[in-house]
Amino acid sequence: MRRQKIYAVLIIITLTAGAVLFFAFYNRSVFNGNRVADRNSYMLDIRRMNGTDTHSLELRDGDTLGIRFNGKKSSLHMEIRSPDGKVLYAGNGTEATDFTISVPKHGSYLIFVKACHATGGSISIKVRRGMK
């Protein structure tokens, strides 16, 4: 009887340790693909991604963002926020895939991309400078 209790405890410890290791590695951040981020663009070509990526663009009123968002069969989510924190765009690239956003005022705009075990997809944002 004592031996069975020891085996039961060892099995529980082993299963718990295995579950902890599985979830630790399963949810780790990973990016496999190409990333270009500069003052005039932000592009991700994703082969595999889990985690988040951010980039900020310094924009002026009158600028526009030309956006191509292909979420494929991935779980990608992107937000673009104005300097005051308002969300100008939030989506997963399934409804709108090729669109523009007009910049309402001067400042630093944050692009936030979150992927949950994404396997493929792309995001391309190009700044088109206004005349102001």
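Just so it is clear, the model here is predicted, and its values are computed rather than measured. Basis for what follows: all heavy atoms, side chains included, without hydrogens, waters or symmetry-related copies.
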How close do Asp63 and Val127 get, counting heavy atoms only, and between which atoms? OD2-CG1, 4.4 Å

Sequence neighbours excluded, every pair satisfying salt bridge (Lys or Arg N to Asp or Glu O under 4.0 Å) that has a member inside residues 32-55: Arg35-Asp53

Give a yes or no answer on whether the side chain of Ser75 reaches the backbone of Cys116 with a donor-acceptor pair at less than 3.5 Å. yes

How close do Glu58 and Arg129 get, heavy atom to heavy atom, and via which atoms? O-NH1, 3.3 Å

So, taking the atom named CZ in Phe69 and the one named CG in Asn92, what distance separates them when rounded to the nearest 0.5 Å? 6.5 Å

Look at the side-chain heavy atoms of Ile, Leu, Val, Met, Phe, Trp and Tyr, link any pair under 4.5 Å apart, and say whether Met49 and Phe112 land in one connected group. no

Can you list the steps and then say if Tyr109 with Val103 is a side chain to side chain contact (heavy atoms under 4.5 Å, CB included)? CA-CA 9 Å; Tyr109 287 74; Val103 175; 3.2 Å; yes

How far does CD1 of Ile125 sit from OG1 of Thr100, to the nearest 0.5 angstrom? 12.0 Å

Can you tell which of Leu65, Leu57, Leu44, Ile123 makes a side-chain contact (heavy atoms from CB on, under 4.5 Å) with Ile111? Leu57

Using every non-hydrogen atom in the two residues, find where Pro104 and Ser102 come nearest and quote the distance to one decimal. CD-O, 3.4 Å

Per the ring-ring contact (aromatic ring centres under 6.0 Å, His included) rule, what does the pair list look like for residues 28-51, sequence neighbours excluded? Tyr42-His55

Side chain Asn50, main chain Ser29, donor-acceptor under 3.5 Å: no

Shared hydrophobic cluster for Leu110 and Val87 (ILVMFWY, side-chain gaps under 4.5 Å): no

Sequence neighbours excluded and cut-off under 3.5 Å, please list the side-chain donor-acceptor pairs for residues 76-85, or say none.
from	atom 1	to	atom 2	distance (Å)
His77	ND1	Gly91	O	3.4
Glu79	OE1	Arg81	NE	2.8
Glu79	OE1	Arg81	NH2	2.5
Ser82	OG	Asp84	OD1	2.3
Ser82	OG	Lys86	N	3.3
Ser82	OG	Lys86	O	3.4
Asp84	OD1	Lys86	N	3.3
Asp84	OD2	Lys105	NZ	3.1

Look up atom NZ in Lys126 and atom CZ in Arg68, then write down how far apart they are to the nearest 0.5 Å. 8.0 Å

